[in-house]
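To start, the structure itself, in structure tokens.
Proteins get letters first, then strands, A, B, ... in listed order; numbering begins at 1 in each.
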There are 2 protein chains.
Amino acid sequence: MHESYRQEIRDIDLFAEMDDKNFQALMRASYVQNFPPRIDLIQENEPPDFLHVVLSGSVDLFSAWNGRETSMATVRPISTFILAASVRNLPYLMSARTLEKSRIALIPSQDVRAIFATDSAFAQAIVSELAQCYRSIVKNAKDLKLRTSLERLANYLLRQQERTGNLEFDLTMEKRRLASFLGMTSENLSRAFKGLEPYGVRVTGNHIEIVNLNDLTRYAKPNPLIDDYTT
Amino acid sequence: MHESYRQEIRDIDLFAEMDDKNFQALMRASYVQNFPPRIDLIQENEPPDFLHVVLSGSVDLFSAWNGRETSMATVRPISTFILAASVRNLPYLMSARTLEKSRIALIPSQDVRAIFATDSAFAQAIVSELAQCYRSIVKNAKDLKLRTSLERLANYLLRQQERTGNLEFDLTMEKRRLASFLGMTSENLSRAFKGLEPYGVRVTGNHIEIVNLNDLTRYAKPNPLIDDYTT
DNA sequence: CGCAGCCTTGACAAATGTCAACAAACGTGG
DNA sequence: CCACGTTTGTTGACATTTGTCAAGGCTGCG
């Protein structure tokens, strides 16, 4: 593996503190691959052969049942996905596909399991990462169960506003995927955007302008225990 | 702490493999408490002072937003809850209350964090437990996003059938809580039970009889990646 | 017995999904 | 650069799902 990739991976929280010898061992059988957009990386129910690291581009985690499909999360650089399946050595619960041209590092799960058993710093980092992932999906479940789709959209926009620090921003994904991520149909999302107009949301294509942050916030009632990325 | 409690806790996967000295240290400032039914144990947003272990009884994890409330999970003996908050030292995302008379062990989170940093077997067990929790809530989110409430109920009943190994069983919780857990109103659940009659589900109070397992299964389309506890 | 809490039912309202049509945006090959 | 076809987004009409409110029944317990 190219040295610059190796360094990128090394700098991720998950690998930053581990012993260098162990990190080199982990990299030994790993490799980096470039994928075009819309390529399936893994399918749910497959055995977890590799821990994946998104170095560039972005990846959609999604799931299907009975002919329906839903987007569960988007993974952006630099972070890993399907860590839980890897460490438990159980089948993937979600499928993954590239959204755009992406560079992905593949680390054999077997090596991850072998090394985290001996490297205490690595084990700690895994604990931290898994706890973080767990909390993030708990928030997602609360969002789904406690809010209507209009409220979910309103809060999603506020989170984007917070992330960019700007009252105007572009959506980071297609509307159809956003709809799926928020747990609704495209048509419903289209109408939801209209429904937020009275609260000062202006939409032009994929460009969003929050005209009245106060009104939107009053409607959305954001809550740190659902909407904060950090806590 | 009484020796028998100590042994019960020791036997949980999470603590079974750790060094004995460390386990004793963990128990030093821990204590066991008896709670009546319907007592609040923790509230979301509080700092995670204690890791909780349910020794007997049962505990409801729930969450509220904007006047609405939803049940997220039920914790039964012998297992722990709010591990993720404890290890990350971040506020609880869910509240907890006893459902019945319950005996709960309280282990200072600070000690958990201190000891898992030095005890590799404990760290491994925590990884395993968190990965398991993560996967279980991913399944929950898939259930919510991919299925209608009628389908969720049907699959819930099939899971209970599987767990008990019997075509007849009693519901393990009040219907109102089941409704909340499944993400619907009591009224909707009431009608959903009626809606499953054509597929061979007979309901008498909280007693369920699955008259036609084939029909129900054909309707519910259970899937290991959503419904299996083990994978 | 009588109260309180849970469950059920009916009538209705709101939220969300489906289907079909069309418009707008995008990418590709000529 | 344009023409074309494909994909994505929007809209309207309508169906289904789910929630709300109010009333009444059932049950368990003091």
Closest heavy-atom pair and its distance - A:Asp215, A:Pro198: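 Scanning both residues completely, I find the closest heavy atoms to be OD2-O, 4.4 Å.
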
Partner set under ring pair (Phe, Tyr, Trp, His ring centres under 6.0 Å) for [X], not counting sequence neighbours:
{"X": "A:Phe50", "value": "A:Tyr31"}
{"X": "A:Tyr219", "value": "A:Tyr199"}
{"X": "B:Tyr92", "value": "none"}
{"X": "A:Tyr229", "value": "none"}

Sub-4.0 Å heavy-atom contacts from residues 146-156 of chain B onto DNA chain D, ordered by number: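 Output list: B:Thr148, B:Ser149.
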
Separation of atom NZ in A:Lys145 from atom P in D:dT18, rounded to whole Å: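 Distance, rounded to whole Å: 14 Å.
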
Whole-Å distance separating the CG atom of A:Leu196 from the P atom of C:dA15: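 Roughly 13 Å, once rounded to whole Å.
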
List, with names and distances, any nitrogen or oxygen atoms from the protein found under 3.5 Å away from nitrogen or oxygen atoms belonging to nucleotides 6-13 of chain C.
{"unit_1": "C:dC7", "atom_1": "OP1", "unit_2": "B:Lys175", "atom_2": "N", "d": "2.9"}
{"unit_1": "C:dC7", "atom_1": "OP2", "unit_2": "B:Arg176", "atom_2": "N", "d": "3.0"}
{"unit_1": "C:dT8", "atom_1": "OP1", "unit_2": "B:Lys175", "atom_2": "NZ", "d": "2.7"}
{"unit_1": "C:dT8", "atom_1": "OP2", "unit_2": "B:Ser190", "atom_2": "OG", "d": "2.8"}
{"unit_1": "C:dT8", "atom_1": "O5'", "unit_2": "B:Ser190", "atom_2": "OG", "d": "3.0"}
{"unit_1": "C:dT9", "atom_1": "OP1", "unit_2": "B:Lys194", "atom_2": "NZ", "d": "2.9"}
{"unit_1": "C:dT9", "atom_1": "OP2", "unit_2": "B:Lys194", "atom_2": "NZ", "d": "2.2"}
{"unit_1": "C:dG10", "atom_1": "N7", "unit_2": "B:Arg191", "atom_2": "NH2", "d": "2.4"}
{"unit_1": "C:dG10", "atom_1": "O6", "unit_2": "B:Arg191", "atom_2": "NH2", "d": "3.1"}
{"unit_1": "C:dA11", "atom_1": "N6", "unit_2": "B:Arg191", "atom_2": "NH2", "d": "3.4"}

Apply side chain to side chain donor-acceptor pair (under 3.5 Å) to [X] and list each qualifying residue two or more places apart in sequence or on a separate chain.
{"X": "B:Gln43", "value": "none"}
{"X": "B:Ser4", "value": "B:His2"}
{"X": "A:Arg202", "value": "none"}
{"X": "A:Thr98", "value": "none"}

A:Gln33, CD: over 12 other non-hydrogen atoms inside 6.0 angstrom: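 Atom CD in A:Gln33 is crowded, with more than 12 foreign heavy atoms closer than 6.0 Å.
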
Audit row: A:Ser109, A:Ser86, side-chain hydrogen bond (donor to acceptor under 3.5 Å, both in side chains) steps and yes/no: CA-CA 5 Å; A:Ser109 294; A:Ser86 290; 3.1 Å; yes

Bending between helix ends of the helix from C:dC1-D:dG30 to C:dG30-D:dC1 [5 pairs per end, 10° resolution]: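 That helix gives 40° between its end axes.
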
Ionic contact status for A:Asp227 with A:Lys139, cut-off 4.0 Å: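 No.
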
Salt-bridge contact B:Glu187-B:Arg176 (side-chain N to carboxylate O under 4.0 Å):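 No, no charged N to carboxylate O under 4.0 Å.
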
Please tabulate the protein-to-nucleotide N/O contacts below 3.5 Å involving nucleotides 23-30 of chain D, giving atom names and distances.
none

